[in-house]
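Both ligands and their constituent atoms are indexed starting at 1 by order of listing. We use all heavy atoms of the structure for the numbers below, so side chains are in, but hydrogens, waters and symmetry mates are not.
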Amino acid sequence: MAEEIKNIKESFKKDLEKAENKDSLENLKVKYLGRKSKISQLFSNIPNLAKQERGHWGKELNILKNKISSAIKEKLSKEVQKEEKIDLTYPAKYPQKGSIHILSSVTKEICLIFKELGFNVIEGNEVEDEWHNFSALNIPLDHPSRDAFDTFYLDLDKKDKKSGSWLLRSHTSPSQIRIMQQVDPPLAVISPGRVYRPDVVDATHSFMFYQIEGFVVGQDISFSHLKGVLLYFARQFFSQEVQLRFRPHFFPFTEPSAEVDVSCVICSQKNKQKNKERCPVCKGKGWLEILGCGMIHPNVLEACNIDSKKYQGFAFGMGVDRIIMQKYQINDIRLFYENDKNFLKQFPL
Ligand code: PHE
């Protein structure tokens, strides 16, 4: 018995030294004082000892038990004090805060500029059918953009023959159709959202990106309204000094159509044509393409049961990713979608 008590004392001493936190001290309690502990076993062995020895070893075991118990308690209270001690000079741990994604904040900023002009913000559907994405927009059946290489088709049953296959919209223009079908003119709508094209991903292409569609339908709407609205937008969004350049273009859903460039917001056209110090953003051209636009084609109005003799409209569509890349000199579209905190936390600027 004497030997056993000595062993317990020694191993407890070692264990106590090693126990450095609340949990390990609690474990020691179980190990040395618990029901299955060595001490408990020795206690239960006392009735087997010679009668005259029982009292002596019972006492010895109780002394040992009390010593162990108070040693653990003492160290435990020290640990608790240590853990609860507040060091007011310790540098604060600042909680990591999320921020609004640059694509969301710029989309909101652009929509707000149009809202001030009286436009309503309405989101369309990301899953569309061929009729809304193409046919109603006067895009002929043999148009290359309908090709499976240029559009993600969905493996779903067709709604009906007229709607054609389901797909992920390849531009926000089907929002025009959805809204014109449901709401009578006059209309002034801005419609942001994701669009999808099966492009190979590189610095300037992504299979999913963001567009903002805008359109107005009313009586006596002309190209000069379109120009005025876009100039107002560009001056609010980029700077009061910017100029716009309209280049004739072709879109099936607008006639006449144009592509619009803004004077370079980075070099302000200062080093235009100076090849030596070419602006990295406009490459010395002095202009940056920002959107496509035009007067809504009469066929598009008619597809939505709007009398094209009575009503006219204009529409425009811009790529949000590209506009942000130009404004903030971001050279890789993939940065928007990689969720790298070092990139994201730089915004809002
Ligand atoms: N939908 C066109 C595109 O994705 C942009 C556009 C919209 C052009 C409206 C004219 C009018 O490129």
Side-chain angles (χ1 to χ4, degrees), residues 107 110-111 114 119 121-126 128-140 143-147 149-152 167-180 187-199 204-218 221-230 233-234 244-262 288-301 303-304 306 308 311-323 325-326 333:
T107 298
I110 294 175
C111 288
F114 287 101
F119 282 68
V121 183
I122 305 176
E123 285 184 36
N125 305 344
E126 281 177 45
E128 268 299 358
D129 55 55
E130 270 184 290
W131 189 80
H132 285 88
N133 197 75
F134 298 121
S135 314
L137 286 160
N138 199 37
I139 303 177
H143 193 274
S145 67
R146 290 202 185 216
D147 206 279
F149 292 111
D150 289 297
T151 301
F152 284 113
L167 45 81
L168 295 179
R169 66 175 174 191
S170 56
H171 53 173
T172 42
S173 299
S175 300
Q176 291 182 38
I177 308 298
R178 294 255 167 217
I179 295 156
M180 282 196 271
L187 281 170
V189 174
I190 194 89
S191 188
R194 293 189 185 92
V195 301
Y196 301 84
R197 291 181 197 173
D199 281 329
T204 52
H205 295 88
S206 167
F207 54 82
M208 186 278 290
F209 53 99
Y210 284 76
Q211 282 192 336
I212 296 182
E213 190 84 8
F215 64 97
V216 166
V217 182
I221 298 291
S222 70
F223 203 93
S224 62
H225 293 123
L226 170 61
K227 287 182 90 170
V229 164
L230 292 181
F233 156 71
L244 288 185
R245 177 172 81 169
F246 286 72
R247 281 180 289 105
H249 197 73
F250 173 79
F251 295 107
F253 33 91
T254 46
E255 180 59 34
S257 305
E259 271 187 340
V260 178
D261 302 334
V262 63
L288 299 168
E289 187 198 318
I290 54 164
L291 55 86
C293 66
M295 300 304 292
I296 298 177
H297 196 291
N299 290 354
V300 176
L301 296 171
C304 304
I306 293 177
S308 63
Y311 293 104
Q312 305 80 43
F314 64 75
F316 55 87
M318 61 184 108
V320 186
D321 305 65
R322 187 161 54 170
I323 286 183
M325 287 168 80
Q326 290 168 346
I333 193 170

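If you number the atoms of ligand 1 from 1 as listed, the ones under 4.0 Å from a heavy atom of Cys293 come out as 8 (C), 10 (C), 11 (C). Close approach of ligand 1 to Gln211 (heavy-atom distance below 4.0 Å) involves ligand atoms 3 (C), 4 (O).
Residue Arg197 touches ligand 1 through its side chain alone, judged by heavy-atom distances below 4.0 Å. Residue-level proximity to ligand 1 for Ser173 is carried by the side chain, the only part with a heavy atom below 4.0 angstrom.
Between Phe233 and Phe114, the gap from one ring centroid to the other is short of 6.0 Å. In this structure, His171 has its ring center at least 6.0 angstrom away from the ring center of Phe251.
Within the structure, the closest approach of Met318 to ligand 1 does not fall below 4.0 Å when heavy atoms are considered. At a 4.0 Å cut-off, at least one heavy atom of Phe253 sits close enough to ligand 1 to count as contact.
At least one donor-acceptor pair under 3.5 Å links the side chain of Gln326 to the backbone N or O of Glu289. Side-chain atoms of Asn133 never come within 3.5 Å of backbone atoms of Arg169 as a donor-acceptor pair (strictly under, hydrogens ignored). Looking only at distances, a side-chain donor or acceptor of Thr151 sits under 3.5 Å from a matching main-chain atom of Ser145.
Arg146 and Ser170 share no donor-acceptor pair across their side chains, judged by distance under 3.5 Å alone.
The shortest N/O to N/O separation between Glu213 and ligand 1 does not fall below 3.5 Å. Between Gln176 and ligand 1, a contact under 3.5 Å exists for no N or O pair.
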